[in-house]
Amino acid sequence: MAVDVLIGLQWGDEGKGKVVDYLAGRYDIICRFQGGPNAGHTIYTVKGKFVLHTIPSGIFRSNTQNVIGNGVVIDPITLKKEILGLKEMGVDATANLLVSKKAHLILPSHRYLDVASEISKGKKKIGSTLRGIGPTYMDKTGRNGLRFGDINSAEFKKKYQELKNKHLQLGEMYGDVPFEWNDEEWFESIEFLKSLETVSCEYYLNKALKAGKTILAEGAQGVMLDIDFGTYPYVTSSNTITAGICTGLGVAPTQIGEVIGISKAYCTRVGGGPFPTELFDDNGKKLQDLGHEFGATTGRPRRCGWLDLVQLKYSVMINGVTQIALTKSDIMDHFEEITIADEYEVNGYKTQELPFDLCDENYKVSLKSFKGWNTDLSAIKKEGKALPQEFETYVAFLESSLEVSIPMISIGPGRDELILRQTS
Ligand code: GDP
Ligand code: IMO
Ligand code: MG
């Protein structure tokens with residue numbers, strides 16, 4: 001058996017949660033391998049909408065085990081709230097949730113440093129979700145961090161205070177930082193989380209693979225927010241790509257199976273940083289309105305733009321994508337013309353490769369338009385009719401350019417609002 005992977009191919013919010021929730025019925029185990037509560041994965045259940053930040057999106061299936069891997073950073077307050085929120089919906093998350101002892105903890109003082117760092121950057125701020133993600137990964141690589149497996153240690157409070165003191169000293173460099181401390185709530189949440197089952201996820205998952213269990217690794221954020229390959233420095237602080245699974249879960253590269261890439265039929269980005277196909281016109285506003293493009297974690301409006309084929313090719317290459325799910329295709333039902341970027345011009349030369357630094361604006365994108373299908377794809381599905389020719393032409397072009405098949409077309413936020421296409 002192998003670990004299948006599901007990752008966002010753009011700047012996050014591609015609809016990963018929705019697709020994982022749909023696919024979860026096929027898997028025994030769903031794992032998060034990186035990121036933390038900067039993620040917001042929206043799922044519509046019969047009981048309503050729920051946004052997951054730390055818990056994998058398999059939690060709504062009673063037969064699925066969910067694992068928070070070692071590569072994830074955990075804010076105890078958010079995780080407790082998530083578990084209680086699920087309980088209110090009648091889902092006992094604690095029954096099928098395992099947490100890696102090696103996952104690092106986000107302290108209130110990590111969030112404090114995040115706020116301080118963003119303020120100090122002024123106009124050049126990253127647009128972080130301010131969840132303490134960057135400072136926590138800095139402490140992890142700086143070999144200072146506290147891990148979930150430490151919470152029962154007699155030294156825990158002492159280690160916490162030492163790390164907090166270090167952060168406060170660092171903070172002095174920034175001057176006054178507006179911040180509400182909530183250490184008490186943090187420790188209360190830690191107490192609450194002590195009842196969760198912990199694992200060494202590298203042993204747990206490798207044994208599960210040997211026993212023939214099916215596993216899906218659920219990415220957070222997207223390729224263009226990857227710390228190495230994203231639009232640096234406007235990125236998050238983890239490896240969001242397929243390679244992150246090996247370090248974030250403890251499985252070998254030879255154990256990777258299918259790589260399912262999730263792409264919207266257009267692009268969005270929340271926060272700062274370059275966005276080559278961003279639209280500032282009526283079409284951008286239309287995408288934002290029809291797509292309800294507001295962040296699931298911070299509620300900030302998402303910037304919108306056309307699909308970027310050069311960027312997608314890059315994502316497919318880095319991740320070894322074997323199939324794509326095209327989400328929010330229903331939003332394109334309302335466009336007479338559908339536009340995509342199919343080439344870049346860098347310093348006067350046409351290219352299919354992304355330039356080194358997308359922040360350096362020495363490039364242009366060339367656009368290509370397709371006739372829109374102007375048809376309600378949900379009605380097509382309901383009536384069991386064939387997909388419109390214009391739609392097939394558009395998807396066939398994407399498939400041949402990307403050299404990857406697109407068997408899943410998502411046409412709404414609900415679990416079954418999906419069209420499955422026959423692909424060769
Ligand atoms: P994630 O972070 O990748 O899981 O995505 P988010 O949950 O942050 O954002 C995706 C948004 O689009 C959510 O509100 C989903 O409910 C919604 N969504 C997902 N797929 C579709 C789709 O195919 N069509 C429409 N209209 N909405 C979708
Ligand atoms: P999901 O999993 C969209 C963005 C932030 C900011 C940058 C760095 O829901 O797709 P950070 O908080 O990590 O320091 O922020 O990354 N960002 C996301 N954008 N979806 C996400 O997650 C994101 N997680 C972080 O807006 O620009
Ligand atoms: Mg999201």
Side-chain angles (χ1 to χ4, degrees), residues 16-17 20-21 29-43 50-60 64-112 114 129-137 139-140 145-153 156-157 160 163 180-201 204 217-221 236-238 248-249 296-298:
K16 297 175 289 294
V20 173
D21 174 56
I29 304 170
I30 312 282
C31 316
R32 278 278 307 271
F33 60 93
Q34 47 69 233
N38 47 351
H41 296 181
T42 315
I43 293 172
F50 198 86
V51 180
L52 293 162
H53 300 289
T54 320
I55 297 176
S57 302
I59 202 70
F60 293 99
T64 307
Q65 188 63 260
N66 293 272
V67 177
I68 300 176
N70 57 279
V72 175
V73 289
I74 299 174
D75 185 333
I77 297 176
T78 316
L79 180 52
K80 178 185 170 190
K81 279 191 187 147
E82 232 170 296
I83 292 171
L84 293 180
L86 286 165
K87 198 173 169 194
E88 266 174 35
M89 284 184 105
V91 178
D92 179 8
T94 58
N96 48 358
L97 180 66
L98 300 171
V99 184
S100 166
K101 292 177 206 165
K102 295 194 171 100
H104 278 246
L105 292 171
I106 302 176
L107 274 53
S109 46
H110 284 127
R111 287 191 295 106
Y112 158 78
D114 219 356
T129 60
L130 304 178
R131 297 302 189 262
I133 307 295
T136 307
Y137 279 115
D139 268 340
K140 176 179 177 175
L146 288 179
R147 299 184 291 176
F148 202 86
D150 295 326
I151 63 178
N152 288 311
S153 130
F156 184 62
K157 278 211 162 139
Y160 173 91
L163 190 53
E180 271 183 45
W181 290 93
N182 54 353
D183 297 38
E184 212 174 294
E185 191 185 2
W186 194 87
F187 276 106
E188 278 164 17
S189 304
I190 287 282
E191 282 309 309
F192 174 87
L193 298 178
K194 280 184 179 168
S195 62
L196 292 181
E197 199 176 332
T198 57
V199 280
S200 292
C201 79
Y204 175 80
E218 170 183 0
Q221 291 81 52
T236 190
S237 302
S238 65
L249 292 177
T297 298
T298 57

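A quick note: this is a predicted structure, and the numbers were derived from the prediction, not measured. We number each residue from 1, following the sequence as shown.
- For the atom pair I68 CD1 and I30 CD1, the distance stands at 13.5 Å (nearest 0.5 Å).
- Atoms CZ and CD1, from F50 and I55 in turn, are 7.0 Å apart once rounded to the nearest 0.5 Å.
- Residues N70 and G248 come closest through the heavy atom pair OD1-O, 3.0 Å.
- Between T94 and F192, the closest side-chain pair of non-hydrogen atoms is not below 4.5 Å.
- Scanning all heavy atoms of the two residues, the minimum distance from V51 to A296 falls at CG1-O, 3.8 Å.
- Remark: side-chain polar atoms of D139 are not paired, donor with acceptor, to backbone N or O of G145 under 3.5 angstrom.
- The side-chain heavy atoms of I59 and I43, taken from C-beta on, include no pair separated by under 4.5 Å.
- Heavy atoms only, all atoms of each residue included: Q34 and S238 are closest at NE2-OG, 3.0 Å.
- Distance alone, capped at 3.5 Å, places no donor-acceptor pair between the Q221 side chain and the G35 backbone.
- Residues T298 and L130 are not in side-chain contact: their nearest non-hydrogen atoms beyond the backbone lie 4.5 Å or more apart.
- A donor-acceptor pair under 3.5 Å links the side-chain atoms of T297 to the main chain of A39, judged by distance alone.
- Here N152 pairs with K194 under the side chain to side chain contact (heavy atoms under 4.5 Å, CB included) rule; sequence neighbours left out.
- Contact check for S109 versus Y160: no side-chain heavy atoms found under the 4.5 Å cut-off.
- Looking at heavy atoms from C-beta onward, L193 lies in side-chain contact with I83 at the 4.5 angstrom threshold.
- Here the closest non-hydrogen pair linking L249 and G69 is CD2-CA, 3.8 Å.
- Partners of F148 by ring-ring contact (aromatic ring centres under 6.0 Å, His included), not counting sequence neighbours: none found.
- The aromatic rings of W181 and Y112 sit tilted relative to each other, their planes meeting at an angle between 30° and 60°.
- If you take OG1 on T54 and NZ on K81, they are separated by 11.5 Å, rounding to the nearest 0.5 Å.
- Formation of a donor-acceptor pair under 3.5 Å by the E218 side chain with backbone atoms of V20 is not found in this model.
- For the pair P56 and N66, the tightest heavy-atom approach, listed with the atom from each and the gap, is CB-OD1, 3.4 Å.
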Tabulate below the donor-acceptor pairs under 3.5 Å that side-chain atoms of residues 96-107 make, not counting sequence neighbours, or state none.
from, atom 1, to, atom 2, distance (Å)
N96, ND2, R61, O, 3.4
N96, ND2, T64, O, 2.8
S100, OG, K102, N, 3.0
K102, NZ, E202, OE2, 2.5

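- With a 4.5 Å cut-off on side-chain heavy atoms, R111 and D75 count as touching.
- When side chains are defined from C-beta on, R147 counts as touching D150, because their heavy atoms get closer than 4.5 Å.
- For the atom pair CG (N38) and OG1 (T136), the distance works out to 10.0 Å, reported to the nearest 0.5 Å.
- By the 30° and 60° cut-offs, the orientation of the rings of F156 relative to W186 is parallel.
- Expressed to the nearest 0.5 Å, how far OG of S189 lies from CD1 of I77 amounts to 5.0 Å.
- Minimum heavy-atom separation, I133 to P37: CD1-CD, 3.8 Å.
- Remark: H110 NE2 to L163 CG distance equals 5.0 Å, nearest 0.5 Å.
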